[in-house]
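As C-alpha cells, the structure follows; a few thoughts come after it.
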Amino acid sequence: SAVISQKPSRDICQRGTSLTIQCQVDSQVTMMFWYRQQPGQSLTLIATANQGSEATYESGFVIDKFPISRPNLTFSTLTVSNMSPEDSSIYLCSVEPPSRDRGPAEINEQFFGPGTRLTVL
Amino acid sequence: QKEVEQDPGPLSVPEGAIVSLNCTYSNSAFQYFMWYRQYSRKGPELLMYTYSSGNKEDGRFTAQVDKSSKYISLFIRDSQPSDSATYLCAMSELFGNKLVFGAGTILRVKS
C-alpha cells in the first residue's frame, strides 16, 4: 500500500489566480496521476505524471491550464492556473506502486490521496 | 453518452438490508471492473475488483460482472451504518492503467 498526503486540504481562491497542489507519497512510485472530482460528476483523470518525463494529459486538459511537476519518485505538484469558478472541484492525486509479477487477472491497485477541495470565487 | 453510467442516488436503506449498486458501460474493451468506497472528505479506497466476467465474493460484499450486457453490480449483505459512503465503479482496459469512473452512488444506512 501507499500513504499519500496532499496540501492544501482546501482553499478558497479568487478568479484569475493560480493554486499549486502538492502530493507527497511515503514510498517511491513510478506512476502518479491527477484527477478532478466535480460535484455530481465522475472522477476524471487530468494527467499521468511519470518521473523524468513530461506529463501526459487527457483529452480536454492542457498543460498551460494544469502544469504538473514531478521532480522525484515521491512528490508531484499540480497547478490550476488562471482559475475560474468552473475550476471549483476536488483535486486528487493517486499512485500506482511499482509493478510486481502478477497474473492477467490481477490489477496493480491505485491508491488515492485525501483530495484538495478548491473553491473559486 | 458517458463511457460509464452510475445512478448517483442517494440510496437510503435500513440497517441489515441488502444493497444493490449498479453501473453500465459502453466500452467493450474494459476487462477490469473495480468498486471503490469513498468516505466523506477522504480519497477513494479499492473495495474489490473482478477480472472479466463472473462473480467475486469478499465477506458481505459480492461483485458481479455481465460483459454481454455491459453491466456490473455490487451487493452488500447485512448493511451497516459504517457502510454509509459513496461507492464508485471504475473500469480499465487489459493494458494500461487508465481508470474510467462512474459518478458514484451515495449510500446511507440508517441504524
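Side chains are part of it too, since the values below use all heavy atoms of this structure and drop only hydrogens, waters and symmetry mates. Since this is a predicted model, take the numbers as computed values, not measurements. All chains are named by letter (A, B, ...) in the order of the sequence lines, taking the proteins before the strands, and each is independently numbered beginning at 1.
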**Study point:** Nearest heavy-atom neighbours spanning B:Leu99 and A:Tyr35
**Key:** CB-OH, 3.8 Å
Check your understanding: Would you find more than 12 non-hydrogen atoms of other residues, nucleotides or ligands less than 6.0 Å from A:Glu54 atom CD?
Key -> no
Review point. So which part of A:Gln6 gets closer than 4.5 Å to some heavy atom of chain B, the side chain, the backbone, both or neither?
Key: neither
Revision key, fill the gap. If one checks every heavy atom of A:Gln38 against chain B at 4.5 Å, the contacting part turns out to be neither
Practice item. State plainly whether one hydrophobic cluster holds both A:Ile21 and A:Tyr57, where clusters connect Ile, Leu, Val, Met, Phe, Trp and Tyr through side-chain heavy atoms under 4.5 angstrom apart. Key: yes
**Study point:** ILVMFWY cluster, A:Val80 and A:Ile63 together (side-chain gap under 4.5 Å)
**Key:** yes
Atom pairs and distances, side-chain donor-acceptor, residues 102-111 of chain B, under 3.5 Å, sequence neighbours left out:
residue, atom, partner, partner atom, Å
B:Thr105, OG1, B:Gln6, NE2, 3.2
B:Thr105, OG1, B:Asp7, O, 2.4

Check your understanding: Heavy atoms under 4.5 Å from chain A: which residues of residues 36-46 of chain B carry them?
Key -> B:Tyr36, B:Gln38, B:Arg41, B:Lys42, B:Gly43, B:Pro44, B:Leu46
Check your understanding: Under a single-linkage definition using a 4.5 Å side-chain heavy-atom cutoff for Ile, Leu, Val, Met, Phe, Trp and Tyr, are B:Leu47 and B:Phe101 assigned to the same hydrophobic cluster?
Key -> no
Check your understanding: Are B:Phe30 and B:Tyr51 connected, step by step, through hydrophobic side chains (Ile, Leu, Val, Met, Phe, Trp, Tyr) whose heavy atoms are closer than 4.5 Å?
Key -> no
Check your understanding: Would A:Met32 end up clustered with A:Ile4 when hydrophobic side chains under 4.5 Å apart are linked, directly or stepwise?
Key -> yes
Check your understanding: Measuring heavy-atom distances to chain B, does A:Leu92 have an atom under 4.5 Å in its side chain, in its backbone, in both, or in neither?
Key -> side chain
Review point. Tell me, side chain or backbone of A:Phe111 under 4.5 Å from chain B's heavy atoms, or both, or neither?
Key: neither
